[in-house]
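Notes follow once the structure below has been shown.
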Amino acid sequence: MTDSGLILYELPGCPFCARVKVTLDELDLEYETKTVPSSHSQRTEVENVSGQTGVPVLVDEDNGVDGMAESDDIVAYLEETYGAA
């Protein structure tokens with residue numbers, strides 16, 4: 001677990017996941033990644049967190065975000081929450 005409490009569920013090669021990781025890196029945030037299985041039927045952990053099997057999914061334990069999906073929403077959230085004032 002990282003100090004920041006940020007966890008990103010991702011799949012290698014996923015362009016939406018890559019976009020979120022670029023934003024995390026640009027904001028210089030520490031985060032943990034969890035790679036999900038390529039088969040949707042085996043993605044029980046991410047489904048338990050977010051209610052769906054798609055990725056990316058972000059968990060931000062420090063701010064009570066339990067399973068945010070959709071890369072556009074995640075990027076907007078990160079920029080709003082952690083971007084420069």
Side-chain angles (χ1 to χ4, degrees):
M1 192 64 58
T2 64
D3 290 339
S4 68
L6 292 169
I7 303 168
L8 178 65
Y9 290 85
E10 65 161 348
L11 185 65
C14 164
F16 303 106
C17 300
R19 179 171 177 241
V20 171
K21 289 176 78 171
V22 165
T23 302
L24 286 161
D25 293 339
E26 286 175 346
L27 294 170
D28 198 28
L29 296 171
E30 290 186 25
Y31 60 98
E32 176 184 352
T33 59
K34 293 194 177 188
T35 303
V36 300
S38 57
S39 171
H40 280 264
S41 65
Q42 296 176 352
R43 296 181 186 177
T44 53
E45 185 176 1
V46 74
E47 186 174 15
N48 289 339
V49 167
S50 67
Q52 48 95 49
T53 59
V55 289
V57 167
L58 181 76
V59 174
D60 184 352
E61 295 173 341
D62 293 343
N63 289 302
V65 175
D66 294 329
M68 180 181 292
E70 301 301 328
S71 59
D72 288 342
D73 294 343
I74 294 170
V75 167
Y77 166 78
L78 290 170
E79 290 174 343
E80 182 178 318
T81 305
Y82 295 101

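One-based numbering along the sequence shown.
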Task: Common cluster, Val65/Val75, ILVMFWY with side-chain heavy-atom separation under 4.5 Å - done: yes
- [ ] Taking atom CG of Asp66 as the centre, report whether more than 12 heavy atoms of other residues, nucleotides or ligands fall under 6.0 Å from it.
- [x] no
Open item on the list: Quick one about Asp25 and Tyr31 (side-chain donor to acceptor, distance below 3.5 Å, no hydrogens or angles considered), yes or no?
Closed with: yes
- [ ] Go through the structure and list residues passing side-chain contact (heavy atoms from CB on, under 4.5 Å) with Val59, not counting sequence neighbours.
- [x] Ile7, Tyr9, Val49, Glu61
Task: Partner residues of Ser71 under the side-chain hydrogen bond (donor to acceptor under 3.5 Å, both in side chains) criterion, sequence neighbours left out - done: none
Task: Residue pairs fulfilling salt bridge (Lys or Arg N to Asp or Glu O under 4.0 Å) with at least one residue in residues 67-78, sequence neighbours excluded - done: Arg19-Asp72
Open item on the list: Would you say Leu27 ends up clustered with Leu6 if hydrophobic residues are merged whenever their side chains have heavy atoms under 4.5 Å apart, either directly or through other cluster members?
Closed with: yes
TODO: Mind running side-chain contact (heavy atoms from CB on, under 4.5 Å) on Thr23 and Tyr77 for me, showing each step along the way?
DONE: CA-CA 10 Å; Thr23 302; Tyr77 166 78; over 6 Å; no
Task: Any Val20 side-chain heavy atom under 4.5 Å of Leu78 side chain - done: yes
TODO: With sequence neighbours excluded, tell me which residues meet side-chain contact (heavy atoms from CB on, under 4.5 Å) with Glu26.
DONE: Val22
Open item on the list: Using every non-hydrogen atom in the two residues, find where Thr35 and Pro12 come nearest and quote the distance to one decimal.
Closed with: CG2-CD, 3.5 Å
- [ ] Write out all pairs satisfying salt bridge (Lys or Arg N to Asp or Glu O under 4.0 Å) with one or both partners inside residues 35-50, taking only residues at least two apart or from two chains.
- [x] Lys34-Glu45
TODO: Hey, could you give me the OH/CG distance between Tyr82 and Asp28, rounded to the nearest 0.5 Å?
DONE: 13.0 Å
Task: Residue list, side-chain hydrogen bond (donor to acceptor under 3.5 Å, both in side chains) with Ser50, at least two apart or on another chain - done: Gln52
Open item on the list: I need the Leu29 CG to Leu8 CG distance, nearest 0.5 Å.
Closed with: 11.5 Å
Task: Non-hydrogen atoms of Val55 and Cys14 that approach each other most closely - done: O-SG, 4.2 Å
